[in-house]
**Q** 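Questions regarding the structure given below will be posed in turn.
Everything numeric here is computed off the predicted structure, so don't read it as measured data. One is the number of the first residue; the rest follow in order along the sequence. Counting convention: from 1, in listed order, for ligands and their atoms alike.
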Amino acid sequence: MPILVTGGAGYIGSHTVRALEKQGREVIVVDNLSKGHRSAVKNSPLYVGDLGDRAFLEDLFKKYKIDAVIHFAALSLVGESVQHPDAYFKNNVGHALTLLDVMCENNVNKIVFSSTAAVYGEPEIVPIPEDHPKDPTSPYGESKLFVEKILNRYDQAYGIKYCSLRYFNAAGADPKGDIGEDHSPETHLIPIVLQTLLGKRDSVKIFGTDYPTPDGTCIRDYIHVNDLSDAHILAVDALERGSESKIYNLGNGKGFSVREVIETIEKVTGKMVPAEESERRPGDPAVLVASSQKIIDELGWKPQYPSLDDIIETAWNWHKQFPNGFPD
Ligand code: UFG
């Protein structure tokens, strides 16, 4: 039975669609293409539409006997969410409710949900375990936390089983080289540095050098996008085996500062990165590093690309091949 992937033309979504296809799963992709790319979906059918459009979703659930949903479609920029909380709550919470209602109507009771490290806010304990207090510093993190709470209630009331995956910093590209990270506008550190090396930007701004970290810059836990995809497959498999609802962190458990990321990029590419120190970016916590022990223990998740060098290498391969990103 097919898996419905919302946001399957986006960065993590398209890599997961690829992984599902490799497993021989039938995949139906839904994306409104506001951020996603048509050409990132190469094999599975892509339905262009919005999750706010209930009739569109109802038609899809009538057409296909969906077994499970992987729900990526969302707005995902911390800073933007502070400026436009309305859009974040409407898109991320409102549309998730529409999706869940249509799932319930059609007796589809399995969902893997894209959550985020942003649900935690400033960490009290590092590496962060799943039961760490949740105090999001942005509407983005809050919108994801609301959906987690809604999922919990829908489980109790309607038997929806969910697996919520809290990603830390997704990075890298499929090593085959034909899909990768292409956001517009790009806000993420690694693609911005690589675009600078390709002459698309003059320099990289280091946002904040006065954080309470050894070199003063923010520390993040970078995880390869294919390792995230693998976790989604494990999550769907577990739900199909009748697992209870679960929440897992996904990171490598090792933090790198902004300066260390830039140094690693210089090492991997053999090129000097023009960088300038700049003000802090609002909403950035100083340190975000995951404990992913729970998914390792319970689902046997094992990252294939735990090294930052390898993650950057795959991203660099893609960016060199597609300096202008996807054609559409
Ligand atoms: N950074 C720079 N210069 C840039 C871009 C980023 O110094 O040009 C810094 C940021 O300030 C941050 C680090 O690099 O300290 C990583 O920034 P990214 O934008 O690449 O990633 P974020 O940590 O902001 O975002 C990620 C996910 C979000 C998630 C968030 C949780 O992409 O979805 O972690 O805080 F919400």
**Q** Could you please spell out the steps behind the side-chain hydrogen bond (donor to acceptor under 3.5 Å, both in side chains) verdict for Tyr120 and Arg166?
**A** CA-CA 10 Å; Tyr120 297 112; Arg166 294 180 182 152; 2.8 Å; yes

**Q** Taking only heavy atoms of Ile206 into account, list the atoms of ligand 1 that are under 4.0 Å away from them.
**A** 7 (O)

**Q** Under 3.5 Å, is there a donor-acceptor pair between the Tyr154 and Asp101 side chains?
**A** yes

**Q** Can Asn324 and Lys200 be said to form a side-chain hydrogen bond (donor to acceptor under 3.5 Å, both in side chains), step by step?
**A** CA-CA 9 Å; Asn324 298 317; Lys200 303 268 156 202; 2.7 Å; yes

**Q** Report yes if some heavy atom in the side chain of Arg54 is under 4.5 Å from a heavy atom in the side chain of Glu58; otherwise report no.
**A** yes

**Q** Which atoms of ligand 1 are found less than 4.0 Å from any heavy atom of Ser76?
**A** 33 (O)

**Q** How close does the nearest protein non-hydrogen atom get to atom 21 (O) of ligand 1, and which residue and atom is it?
**A** Asn169 ND2, 3.1 Å

**Q** Can Ser278 and Ile206 be said to form a side chain to side chain contact (heavy atoms under 4.5 Å, CB included), step by step?
**A** CA-CA 5 Å; Ser278 170; Ile206 299 176; 5.8 Å; no

**Q** Is the cationic atom of Arg280 (NZ for Lys, CZ for Arg) positioned less than 6.0 Å from the six-membered ring centroid of Tyr211 and within 45 degrees of its normal?
**A** yes

**Q** Do Pro285 and ligand 1 have an N or O pair less than 3.5 Å apart?
**A** no

**Q** According to the interplanar angle, ranging from 0 to 90°, do the rings of Tyr88 and Tyr140 count as parallel (below 30°), tilted (30 to 60°) or perpendicular (above 60°)?
**A** perpendicular

**Q** Heavy atoms only: which of Ile262, Val193, Asp221, Leu288 lies closest to atom 35 (O) of ligand 1?
**A** Leu288

**Q** For ligand 1, which atoms sit closer than 4.0 Å to a heavy atom of Ala118?
**A** 31 (C), 36 (F)

**Q** Can you classify the ring geometry of Tyr64 versus Tyr47 as parallel (below 30°), tilted (30 to 60°) or perpendicular (above 60°)?
**A** perpendicular

**Q** So, is Thr116 polar-close to ligand 1, with some N/O to N/O distance under 3.5 Å?
**A** no

**Q** I want to know if ligand 1 touches Tyr222 in the polar sense, i.e. an N/O pair below 3.5 angstrom.
**A** no

**Q** For Cys218, take its heavy atoms, then give the atoms of ligand 1 lying under 4.0 Å from any of them.
**A** 15 (O)

**Q** Backbone N or O of Leu33 within a donor-acceptor pair of the His37 side chain at under 3.5 Å?
**A** no

**Q** Could you tell me whether Lys205 approaches ligand 1 through its side chain, its backbone, both or neither, with non-hydrogen atoms closer than 4.0 Å?
**A** backbone

**Q** Side chain or backbone, does Phe207 bring an N or O within less than 3.5 Å of an N or O on ligand 1?
**A** yes

**Q** Need the ligand 1 atom indices (1-based, order shown) with element for anything under 4.0 Å from a heavy-atom of Ile192.
**A** 8 (O)

**Q** Go through ligand 1 atom by atom and flag the ones less than 4.0 Å from a non-hydrogen atom of Val78.
**A** 36 (F)

**Q** Please evaluate residues Glu21 and Ser44 with respect to the criterion side-chain hydrogen bond (donor to acceptor under 3.5 Å, both in side chains), reporting the C-alpha separation (whole Å), side-chain torsions for both, the decisive distance (0.1 Å), and the verdict.
**A** CA-CA 8 Å; Glu21 289 167 353; Ser44 299; 2.5 Å; yes

**Q** Nearest protein heavy-atom contact for atom 19 (O) of ligand 1: which residue, which atom, what distance?
**A** Arg281 NH2, 2.9 Å

**Q** What is the nearest protein non-hydrogen atom to atom 9 (C) of ligand 1, stated with its residue, atom name and distance?
**A** Val258 CG2, 3.7 Å

**Q** What do we get for His188 next to ligand 1 when only non-hydrogen atoms under 4.0 Å count, side chain, backbone, both or neither?
**A** both

